[in-house]
Amino acid sequence: MTRTVLVMANWKQQGSEPAVKAWLHGVNALELTQISRVLCVPLPYLVALKQQHSKLQSKVLAGAQLVSPWTGGAYTGEVSAAMLKEFAVTYTLVGHSERRQWLQEPAASRRAQIVALWQQQITPVLCVGETAEQYQHEQTFTVLQQQLAEVFDHLAERGPLVLAYEPVFAIGSGHPLSATQAQAVHQQLRLLLQNWYHAADCQQIPILYGGSVNSTNAADYLRYPDIDGVLVGSSSLQADSFNALCVAIQNAIRERRFAEV
Ligand code: PGA
C-alpha cells in the first residue's frame with residue numbers, strides 16, 4: 001500500500017515574514033522525491049509564502065492552521081476557506097488540541113470547518129488525541145472514537161482527509177510516544193475510520209503522528225506501516241533541522257518500501 005507520505009510543519013503562533021522567506025529558501029534547496037512537505041504558517045505569512053513559492057518554483061505546499069466555520073459574511077476576524085484557496089492552501093489543520101484546550105472550539109465548528117474546506121478542495125487535517133490522564137486510564141481508544149464520531153456521525157458527505165494523531169501530553173513536551181505505541185494506535189484509527197468511510201478509502205487516508213517529533217526520532221515512525229508521516233511543531237521552525245528530519249524520513253521510507261517488495 002503506497003499512501004502519500006506527508007511531513008507537515010506547524011509553526012503555530014511563531015515566525016516572521018523574513019523567517020518564511022529564509023526557511024523556504026533553505027528547504028527548497030533539498031530535492032525530495034518520496035515525500036510531500038507542507039508548511040502551515042500563521043495566516044498573514046501566506047502572502048510571503050505565495051510570493052516566495054512562485055519565485056523559487058517551490059514544491060513545498062502551503063498549509064493553514066485554521067479556517068472559519070463560515071463560508072463568508074459578517075464574521076469579524078474570520079478567514080474563509082475561499083480566502084485560503086486564493087493563497088494556494090492545500091491542507092488545513094482542524095481541531096488541533098491547542099485550539100480545543102485554549103479556545104474550547106466545539107465539535108460543530110470542526111464539522112463546519114471540514115465542510116467549508118471540502119467545498120474549496122482543500123484537504124482537512126483532523127487532529128485527534130487523548131490527554132495524559134485519559135492515556136493513563138487506558139481510555140485512548142474510547143476518546144479517539146468519540147472525537148471521530150462527533151465529527152463524522154453528523155456529516156452527510158465524505159471527502160479527502162488526513163488524520164493527525166497527537167497525544168496531548170506528547171506535544172511540545174520532549175516526550176514523544178514511541179513509534180511502536182503510535183503504530184498500535186494508528187492501526188486502530190484506520191479500523192475505526194471504517195465506521196464512516198469505505199474500507200478501500202480508509203487505506204488511502206494518510207494518518208500522521210505528531211508530538212515531539214524531531215530529526216533524531218522521525219525515521220522510527222516511518223518504519224511502521226500505518227504511520228504515513230508526521231506533524232512537527234518546534235523542530236520545524238528552522239530549515240536545517242526540518243531538512244534533517246525530512247532526509248531521515250525519506251531514508252526510512254526507502255527501507256520500508258524495499259522490505260515490502
Ligand atoms: P511539537 O508540536 O512538535 O512541538 O510537539 C506538534 C504539534 O503540536 O503539532
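When a residue number appears, it is its place in the shown sequence, counting from 1. The structure presented is a predicted model; accordingly, all values stated were derived computationally and were not measured. Below, each value reflects all heavy atoms present in this structure, side chains not excepted, and no hydrogens, waters or symmetry copies. Order of appearance sets the numbers: ligands from 1, and atoms from 1 within every ligand.
With 3.5 Å as the limit, one finds no donor-acceptor pair spanning the side chains of Gln139 and Thr142. Defined by atom type and a distance below 3.5 Å, a donor-acceptor pair is missing between the side-chain atoms of Tyr165 and Gln188.
Considering every non-hydrogen atom in both Gln34 and Gln250, the closest pair reads N-OE1, 3.2 Å. Closest non-hydrogen pair, Cys40 versus Met8, comes out as SG-CE, 3.6 Å.
Around ligand 1 you find Asn10, Lys12, His96, Glu166, Ala170, Ile171, Gly172, Gly211, Ser212, Leu231, Val232, Gly233, Ser234, each with a heavy-atom distance below 4.0 Å.
Listed for the Ser109 side chain is no donor-acceptor partner under 3.5 Å among the backbone atoms of Glu105.
Salt bridge status for Arg111 with Glu150: absent, with no side-chain N to carboxylate O gap under 4.0 Å.
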